[in-house]
Amino acid sequence: MKQNQLPDLKQAQKRTKEPTVIERAAMDLPAEYFALGNGKTYYIRTYGCQANFHDTEMMAGILEQIGFVSAPDIDKADLVLLNTCAIRENAEDKVFGEIGILKHDKEHGRNVMIGVGGCMMQQPSIVEKIRKTWPEVNFIFGTHNMVRLPYLVKEAMNAKKPYIEVFSEEGKIYENVPLKRKEEYKAYVSIMDGCDKFCTYCIVPFTRGKQRSRLPEDILCEVRKLKENGCKEVMLLGQNVNAYGKDFGDPDGFAGLLKKTAETGIERVRFMTSHPWDFTDAMIEAIRDYPNIMPYFHLPVQSGSDEILRMMGRRYTAAEYLALFRKLKAVRPEASFSTDIIVGFPGETEEDFEKTLELYDACGFDSAFTFAYSPRKGTAAAKREDQIPEDVKSSRLARLNERVSYWGKKHNEEYIGKTVEVLAEGPSRKNGSIWSGYTGTMKLVNFEPHDVKAGDLVQVKILDAKSWTLDGKQV
Ligand code: SAH
Ligand code: SF4
Ligand code: F3S
C-alpha cells in the first residue's frame with residue numbers, strides 16, 4: 001500500500017513561472033483497469049460551482065470507462081463519490097451530513113465504497129477531520145488528481161484504512177479525458193482551471209491551483225464536435241474567463257476565443273465567470289458583433305463600497321464597475337445581468353453596506369447570488385480581527401435579498417406579452433405537461449408545449465411573470 005499524501009495550503013499558494021504541462025495520455029490505462037468496475041454501480045453527488053459540476057461529468061466518464069455503470073440514486077450505488085466545495089462553511093456542512101448518513105448505512109450492513117474528492121479535500125484541516133471522525137470513508141482525493149480515479153479505486157479496494165491522495169501542486173491541463181455529459185443540447189466547456197487573483201476572502205486559488213488555460217485549438221475542436229452532435233449551447237467555463245490565455249501569452253486572449261467560438265456557428269455561446277477587472281473593449285466588441293453570444297452577463301461585483309472592494313483585492317471601484325455595466329448594456333440593450341455579492345466582509349460598516357444597496361439599484365440586476373461572508377482558513381481576510389457578527393450579516397443579507405426579489409420581479413414583468421426564443425429542455429419536474437427551458441437572457445420559462453423535443457429552439461409567448469420564472473405558451 002502506498003503512502004498517504006496530504007494537502008498543504010502553503011504549497012498550494014505558490015506560483016512559479018514554470019509553463020503548464022498538458023497531459024494528453026492520462027487515460028492510457030493498463031488493460032486490467034478496464035474491468036475494475038465489473039458492472040458495479042456508482043453515484044456522484046456534486047456540491048459546488050459549474051467547474052465542480054463539470055469535474056463530476058469527468059469523473060462519471062472515467063468511472064464508466066473502467067466498467068462502472070450509473071446508479072439511479074445514492075442509496076443504491078456500490079460506489080459513492082462526493083464532489084465537494086469549500087467556498088463557504090455551509091457548503092462544507094452538507095458534505096459532513098452526507099458522510100454521516102453513509103456511515104450509518106455501512107454500520108447497518110450496506111456494502112458501499114465511499115470516495116470524497118473536490119475542493120474541500122485540498123484543505124489539511126478537513127482531511128484530518130474526516131480521517132479522525134469517519135474512517136468509513138475509503139478514499140480521499142483532490143482537484144488535481146481526478147484522472148487517477150482508476151488507481152484510487154483500486155488502491156481503496158485493497159486497503160483497510162482510508163487511502164488519501166491529495167496534491168497541492170500548481171496543476172496540469174488534462175486533455176482527452178472521457179466526459180459523460182448530463183445533456184446533449186447544452187454543454188459546459190472548460191477553457192481554463194485555477195485562479196491567480198487571490199481575492200482576500202476566497203479559497204479557490206488554494207483549492208484549484210494556478211490559472212492554466214487550454215489551447216484554443218483544443219477548445220474549438222471540442223465545440224465543433226459538440227455542434228456536429230446536435231449541441232445548441234456551450235458555456236465557456238473558468239474562474240475568471242477574461243484572463244484566458246494570459247498564462248501562455250495568447251495575444252488574442254478571451255476576446256479572440258470568444259469570436260472563434262461564435263464563428264463555429266453554434267447557436268448559443270455563453271461564458272462564466274467574468275471578473276470586472278480584465279473585461280476588455282475587445283471583448284465588448286465581440287459581444288456587440290456576434291449575435292450568437294447570448295445577452296446574459298454574470299458579472300460579480302461583490303460590494304458597492306470602494307473601501308471594501310479594495311480590502312477584498314478586487315482592483316476596481318464601484319464607478320468603474322458601473323461604467324463597464326453601462327458599456328455592455330449599450331452594445332446589447334436587451335441584455336440581462338446577474339451578480340455575486342458578499343455581505344459582512346470584515347470591517348464592513350452600515351455605510352459600506354448601503355453603498356452596495358445603492359449600486360444594486362443603479363444596476364437593477366435581473367438576479368444575484370448573495371452570500372454572508374464566511375471566513376476561509378488560509379485566506380487573508382480570515383485573519384482579520386474586525387469580523388462582523390453573524391446577526392449583522394444575516395440582517396444585511398435579508399435586506400439585500402429584498403432588493404434582489406424586487407428587481408427580479410420587475411424585470412420579469414417586462415417580458416409579459418413578448419414572444420421569446422427558448423431552448424426547450426424537457427417536461428418540468430412538478431408537472432409533466434409543462435415544459436421548461438431558458439431564454440438567451442437566461443430566464444427560466446415554464447411553457448405549454450406543442451410538438452417539441454428536448455434541444456429545440458422554440459418561440460414562447462410570455463403570459464405571466466414571477467420573481468424567478470416566466471410562464472408562457474409555445475407559439
Ligand atoms: N471566480 C468567480 C467566483 C467564484 S466563487 C469570480 O471571481 O467572480 C462564487 C462566489 O462565491 C463569489 O463571487 C463570491 O461572491 C462568493 N464567495 C467566495 N468566497 C466567499 C466567502 N469566503 N464567503 C462568502 N462568499 C464567498
Ligand atoms: Fe476567487 Fe477572486 Fe479567483 Fe473569483 S477571481 S475565484 S473570487 S480569487
Ligand atoms: Fe466551490 Fe471549488 Fe467551485 S470551492 S465554488 S467547487 S471551485
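All heavy atoms count here, side chains included; hydrogens, waters and symmetry mates do not. Start at 1 and go down the list; that is how both ligands and their atoms are numbered. Counting begins at 1 with the first residue of the sequence.
Ligand-side atoms of ligand 3 in range of Cys85: 1 (Fe), 4 (S), 5 (S), 6 (S), range being under 4.0 angstrom from any heavy atom. Near Gln239, the atoms of ligand 3 lying under 4.0 angstrom from a non-hydrogen atom of the residue are 7 (S). Close contacts of ligand 3 with Cys119, meaning ligand atoms under 4.0 Å from a residue heavy atom, involve 2 (Fe), 4 (S), 6 (S), 7 (S).
With a 4.0 Å cut-off on non-hydrogen atoms, Arg314 touches ligand 2 through its side chain and not its backbone. Counting heavy atoms closer than 4.0 Å to ligand 3, residue Met120 contributes nothing at all.
Annotation: cation-pi geometry satisfied between Arg403 and Tyr406 (NZ/CZ under 6.0 angstrom from ring centroid, within 45° of ring axis).
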request  = Quick one: do Ser274 and Asn242 satisfy side-chain hydrogen bond (donor to acceptor under 3.5 Å, both in side chains)? Show the steps, please.
outcome  = CA-CA 6 Å; Ser274 298; Asn242 312 13; 3.3 Å; yes
ask   = Under the side-chain hydrogen bond (donor to acceptor under 3.5 Å, both in side chains) criterion, do Asn138 and Lys106 qualify, and how do the steps go?
value = CA-CA 11 Å; Asn138 299 84; Lys106 265 196 169 178; 2.8 Å; yes
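Under the side-chain hydrogen bond (donor to acceptor under 3.5 Å, both in side chains) rule, Lys180 has a single partner from Gln65, Glu64, Glu57, which is Glu64. The only option from Phe297, Tyr321, Phe365 that meets the ring pair (Phe, Tyr, Trp, His ring centres under 6.0 Å) definition with Phe337 turns out to be Phe297.
Closer than 4.0 angstrom to ligand 1 sit non-hydrogen atoms from Ile87, Arg88, Tyr201, Gln239, Thr273, Pro300, Gln302, Arg314, Asp340, Ile342, Phe371, Ala372, Tyr373, Ser374, Arg376.
At a cut-off of 2.8 Å, measuring from atom 1 (Fe) of ligand 2, the protein N, O or S atoms that fall short of it are Cys202 SG, waters left aside.
Without hydrogens or angle criteria, Arg288 side chain to Val331 main chain gives no donor-acceptor distance under 3.5 Å.
Protein heavy atom closest to atom 7 (S) of ligand 3, with residue, atom name and distance, is Arg208 CD, 3.1 Å. Looking from atom 6 (S) of ligand 3 to the surrounding protein, the closest heavy atom is Asn52 CB, 3.5 Å.
Of the listed residues (Cys49, Ala86, Gly48), the one carrying the non-hydrogen atom nearest atom 3 (Fe) of ligand 3 is Cys49.
The residues Lys355 and Glu358 are annotated as not salt-bridged, no charged nitrogen and carboxylate oxygen being separated by less than 4.0 angstrom.
Other residues, nucleotides and ligands contribute more than 12 heavy atoms inside 6.0 Å of the CD atom of Glu354. No more than 12 heavy atoms of other residues, nucleotides or ligands sit less than 6.0 Å from atom OH of Tyr438. More than 12 heavy atoms of other residues, nucleotides or ligands shown are found within 6.0 angstrom of CD on Glu334.
Residue contacts with ligand 3 do not include Gln50, since none of its heavy atoms lies under 4.0 Å from the ligand.
A perpendicular orientation is assigned to the rings of Trp277 and His275, their planes being inclined by more than 60° (bins at 30° and 60°). The aromatic rings of Tyr296 and His298 sit parallel, their planes meeting at an angle under 30°, below the 60° perpendicular limit.
A side-chain donor-acceptor contact under 3.5 Å links Gln211 and Asp247.
Aromatic pair Phe139/Phe141: ring centres closer than 6.0 Å.
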